[in-house]
**Student:** 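After the structure tokens below, expect a handful of questions from me.
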Amino acid sequence: WASLIFSEEESSPRDKLQRNSKGLADFCIKNIDQADFGRREIEVAQQEMPALMNLRKRAEEEKPLSGAKVVGCTHITAQTAVLIETLVALGAQCRWVACNIFSTQNAVAAAVVEGGVPVFAWKGESEDDFWWCIDRSVCADAWQPNMILDDGGDLTHWIYKKYPSLLKRIRGIVEESVTGVFRLYQLSKAGKLCVPAMNVNDSVTKQKFDNLYCCRESILDGLKRTTDVMFGGKQVLVCGYGEVGKGCCSALKALGAVVYVTEVDPICALQACMDGFRVLKLSEVIRQADMVITCTGNKNVVVREHLDRMKNGCIVCNMGHSNTEIDLVSLHTSELKWERVRPQVDHIIWPDGKRIVLLAEGRLLNLSCSTVPSFVLSITATTQVGERRWANEYVASLHLATFDAHLSELSDDQAKYLGISKNGPFKPSYYRSANTHTHTHTHTHTHTNAGLSNCF
């Protein structure tokens, strides 16, 4: 039974010719016959994404995105399918690829293809498959993108590397992860970013909602589905106390775990202390940890030295975008044995019999091994679609109706006293959060919704 599951996940559809009901063959997914099931998944997600659906309904007739040719690289889930189909409803043409080899929901990918959007993705891609899919999403007969919607920067990197001539047509890049933003800043500092780029990651509606609340709920879901672990009394080490780290620590503490934090940023470290967490160095607590969770956005946070000192049965996982936080290369040696025990769950066994439990091969745990709350992703997706000057407040206001929340109003005298319009915006343009980095080890200097381009 287990071998059937593994073979189904690991088989590649690259040589499989498929067509949707309208004859479209320009796609590569696991199985187009799953489209009906995927459509039901998308409809469920729509119920929890009211603001994005409201935005779609308001602007659908105007087609404000007419002429936009968007190539996207994100997780392909029911929630992102709602975003993709909103872009199409607003007039955009789209082609899509996955930013993570484990997070694609195959039935959802089939439903999106059945709706007419070419998708190149399936759960369990190899590294070679991953880059092949990105290449196929960019290469199309008589179709060239003029917008990039990226999550992690891999699509942007591929276009810069393989198809630099396309950059002349690109009118903008939208990037939603700290990893991707960091890569954009590297291009900018090198004088190579000649495309306007929007940093969605540091918008307040991404930082304070997706990064915090989404991770607060999904960290537990991912751990439970993969390990069936009980959290009460467990000693958990969380590396990084940005918004993602805050969400993880809050959830784990609520279920009775003893939580330790590592930090390089004194401001975030002080926040952790005042939230009741012990801030220590990794080397000081690694031997006693039952779980180690990375959420820094950096590389080599947990290295072989730390892995060698972990206790038997320690669970190791990552909540950052990229799989660079855990030094996996050091674990692929002759003296260590890898044993796949469940999908996305590996035991790595030392010569003395000690084993650690590695989840999702060090990739993003929640989207690789579980699901995430649709409502929170509605906030991020609406931010990506919206283009108002104070889009954050507009996006937030669209979601308040779900809670039957009634906003108070400033009087003319109060507005004059504060020096703002009574209708907003109520926050200054530089407002994001007390912690300016999503994952604090990254040390990028970020600006909310700021243009990063050298050509601006």
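Computation of the quantities below employed the complete heavy-atom set of this structure, encompassing side-chain atoms and omitting hydrogens, waters and symmetry-equivalent molecules.
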**Student:** Just to verify, what does K63 make a side chain to side chain contact (heavy atoms under 4.5 Å, CB included) with, not counting sequence neighbours?
**Tutor:** E60, S66
**Student:** Does P351 reach the side chain of K337, with side-chain heavy atoms less than 4.5 Å apart?
**Tutor:**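 When only atoms from C-beta onward are counted, K337 and P351 do not touch, as no gap falls below 4.5 Å.
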**Student:** So, are R56 and E62 salt-bridged, with charged N and O less than 4.0 Å apart?
**Tutor:**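 Salt bridge between R56 and E62, a charged N being under 4.0 Å from a carboxylate O: no.
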**Student:** So, applying side chain to side chain contact (heavy atoms under 4.5 Å, CB included) with L359, which one of V316, L223, D346 is it?
**Tutor:** L223
**Student:** Taking side chain as C-beta onward, heavy atoms only, is S137 less than 4.5 Å from L155?
**Tutor:** yes
**Student:** Name all residues meeting the side chain to side chain donor-acceptor pair (under 3.5 Å) criterion together with E114; count only those two or more places apart in sequence or in a different chain, and write none if there are none.
**Tutor:** S21
**Student:** Within the 3.5 Å criterion, strictly below it, is a donor on H321 or T179 matched to an acceptor on the partner's side chain?
**Tutor:** no
**Student:** Does the cation-pi check pass for R355 over W350, that is, NZ or CZ under 6.0 Å from the six-membered ring centre and within 45° of its axis?
**Tutor:** no
**Student:** In terms of heavy-atom contacts, does NZ of K224 have more than 12 from other residues, nucleotides or ligands at under 6.0 Å?
**Tutor:** yes
**Student:** Please tell me whether H347 and W338 form a close aromatic pair, meaning their ring centres lie under 6.0 Å apart.
**Tutor:** no
**Student:** Any non-hydrogen side-chain atom of T74 less than 4.5 Å from a side-chain atom of L149?
**Tutor:** yes
**Student:** Taking the side chain as everything from C-beta on, heavy atoms only, tell me whether V385 gets closer than 4.5 Å to L87.
**Tutor:** yes
**Student:** Regarding E361 and Q344, do their side chains bring together a donor and an acceptor under 3.5 Å, going by distance alone?
**Tutor:**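 No, no side-chain donor-acceptor pair sits under 3.5 Å.
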**Student:** Considering only heavy atoms from C-beta outward, does the side chain of K253 approach that of V236 to under 4.5 Å?
**Tutor:**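 K253 does not reach V236 side chain to side chain.
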**Student:** Would a 4.5 Å heavy-atom cut-off, applied to side chains only, mark N100 and S368 as touching?
**Tutor:** yes
**Student:** Less than 4.5 Å apart, side chain to side chain, heavy atoms only: is that true for T380 and F209?
**Tutor:** no
**Student:** For Q47, enumerate each residue passing the side chain to side chain donor-acceptor pair (under 3.5 Å) test, keeping only those at least two apart in sequence or located in another chain.
**Tutor:**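 By the side chain to side chain donor-acceptor pair (under 3.5 Å) rule, Q47 matches no residue at all.
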**Student:** Does the side chain of R14 reach to within under 4.5 Å of the side chain of D129, using non-hydrogen atoms?
**Tutor:**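 Yes - at least one pair of side-chain heavy atoms lies under 4.5 Å apart.
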**Student:** In terms of side-chain geometry, is the basic nitrogen of E127 or R363 positioned less than 4.0 Å from the acidic oxygen of its partner?
**Tutor:** yes
